[in-house]
Amino acid sequence: MCGRTSCHLPRDVLTRACAYHDRQGRRRLPEWRDPDKYCPSYNKSPQSSSPVLLSRLHFEKGADSSEQIIIPMRWGLVPSWFKENDPSKLQFNTTNCRSDTILEKQSFKVPLGKGRRCVVLADGFYEWQRCQGTNQRQPYFIYFPQIKTEKSPTRMPAILDGEEAVSKWLDFGEVTTQEALKLIHPIDNITFHPVSLVVNNSRNNTPECLAPADLVTKKEPKTSGSSQRMMQWLATKSPKKEAPGSPKKDESGIPQWSSQFLQKSPLPAKRGATRSLLDRWLKQEKEEEPMAKRSHS
DNA sequence: CCAGACGTTGTT
DNA sequence: GTCTGG
DNA sequence: CCAGACGTTGTT
DNA sequence: GTCTGG
């Protein structure tokens, strides 16, 4: 899935890219909170803060839920019951959420049911492809081509394509969870290219991170005489290691993506998964009302 | 009922 | 192998 | 996501 | 806080 993004635009440019239309159809720019925490980078990793869009109603009682706020936030979900001050003390991973279990996993379904939706802004994201026969992993940059509307903010494996989808996703006051989930579907107007291994280290923050690059050259580890003897010794002594050069099981030649999203892509499997996801939601809550109309007993 | 987890990746 | 830090 | 640490006592 | 497992 997604563990690295680029979000490098200057703040004013990013803000304009997030222009949207409110309930009255007026064109607006999202209002910033904590603008100084915005830290543009070509190489954003979990624990860093990324700009996030969310409904104003999350901040002000009685606010227009179609109005949007933009705030730098730490990557990863912190459960509401987590009392430590330091979110890095959370003892399990919440940097990703599987779309096929989001309605089962308590850490995600509870906040989802409360309308806690947001949109993480990014130029695109990185994925590492493991190739057979090497330990190296080939990074790729994946993004919307810069042709259409300039604004195409994304949430990672769940990508919202276009302003309207973003607005509906955020407007938890009017748009129910079930309607919101329908906005997430595989997108096809997306593209990618291989990038340099420079992106591997999250300290590297340069345009080279997302620049097109040649595929990683599979260099045979030039083994010195001594290391060859060492390898032989390991091969005979260690039951865990396989003899170097022994035939590998998987000769399919099919590239294995780390991402479920890219692996299964926009075809039947994913469609089916999405449908059963929605079906399950519909079963457990028949006539979901939008948040704005729910009674607060 | 209480205790304890609450999550993802990938690989075997 | 697994966790933390970036 | 990947890279890099993973530990303690005591002294400078 | 809420769910699962015992």
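Please read these numbers as outputs of a predicted model, since none were measured by experiment.
D:dC2 sits 14 Å from B:dG10 when the C1' atoms are compared, rounded to a whole Å. With P as the reference atom, B:dC1 and D:dT9 are 45 Å apart, rounded to whole Å. Distance noted for atom C1' between B:dG4 and C:dG6: 31 Å (whole Å). Annotation: D:dG7 and C:dT2 have their P atoms spaced 15 Å apart (nearest Å). Taking atom P on both nucleotides, C:dT4 is separated from D:dT8 by 14 Å, rounded to a whole Å.
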Result block: side-chain N/O donor-acceptor pairs under 3.5 angstrom for residues 167-174 of chain A, not counting sequence neighbours:
| from | atom 1 | to | atom 2 | distance (Å) |
| --- | --- | --- | --- | --- |
| A:Ser167 | OG | A:Gln68 | NE2 | 3.2 |
| A:Ser167 | OG | A:Glu163 | O | 3.3 |
| A:Lys168 | NZ | A:Glu164 | OE2 | 3.1 |
| A:Trp169 | NE1 | A:Cys118 | O | 2.9 |
| A:Asp171 | OD1 | A:Ser65 | OG | 2.4 |
| A:Asp171 | OD1 | A:Gly173 | N | 3.3 |
| A:Asp171 | OD1 | A:Glu174 | N | 3.3 |
| A:Asp171 | OD2 | A:Arg23 | NH1 | 3.0 |

Annotated protein contacts, base or backbone, on nucleotides 2-7 of chain B with a non-hydrogen cut-off under 4.0 Å, one of B, S, - each: ---BBB

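Note that CZ of A:Arg130 and CG of A:Asn135 are 10.0 Å apart. Values are rounded to the nearest 0.5 Å. The line from CD of A:Glu289 to OG1 of A:Thr176 is 10.5 Å long, rounded to the nearest 0.5 Å. Taken to the nearest 0.5 Å, the NZ atom of A:Lys105 stands 14.0 Å off from the CG atom of A:Leu77.
Of all heavy-atom pairs spanning A:Arg117 and A:Val175, the tightest one is NH2-O, 2.9 Å. Closest heavy-atom contact between A:Trp75 and A:Thr5: CH2-CG2, 4.0 Å.
Under the 4.5 Å side-chain criterion, counting only non-hydrogen atoms from C-beta, A:Gln47 is in contact with A:Arg74. The side-chain heavy atoms of A:His58 and A:Ser55, taken from C-beta on, include a pair separated by under 4.5 Å.
Between the side chains of A:Asn43 and A:Ser41, no donor-acceptor pair of N or O atoms lies under 3.5 Å.
Rounded to whole Å, atom C1' of D:dC1 lies 9 Å from atom CG of A:Asn43.
Proximity of a side-chain donor or acceptor of A:Asn96 to a complementary backbone N or O of A:Cys2 within less than 3.5 Å is detected. With hydrogens and angles ignored, the 3.5 Å screen pairs no side-chain donor or acceptor of A:Lys37 with any backbone N or O of A:Met73.
In this structure, A:Pro79 reaches neither bases nor backbone, as no heavy-atom distance under 4.0 Å exists between it and the strands shown.
Between A:Tyr42 and A:His8, the ring-plane angle classifies as parallel under the 30° and 60° cut-offs.
Taking a heavy-atom distance under 4.0 Å as the criterion, the stretch of DNA chain E touched by chain A extends 5' to 3' from E:dG1 to E:dC3.
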Strand DNA chain D in bracket notation, Watson-Crick/G-U under 3.5 Å with | for pairs to another chain: ||||||......

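In this view, A:Arg26 and A:Gln24 satisfy the side chain to side chain donor-acceptor pair (under 3.5 Å) rule, not counting sequence neighbours.
Scanning residues 199-208 of chain A for heavy-atom distances under 4.0 Å to DNA chain D yields A:Asn200, A:Asn201.
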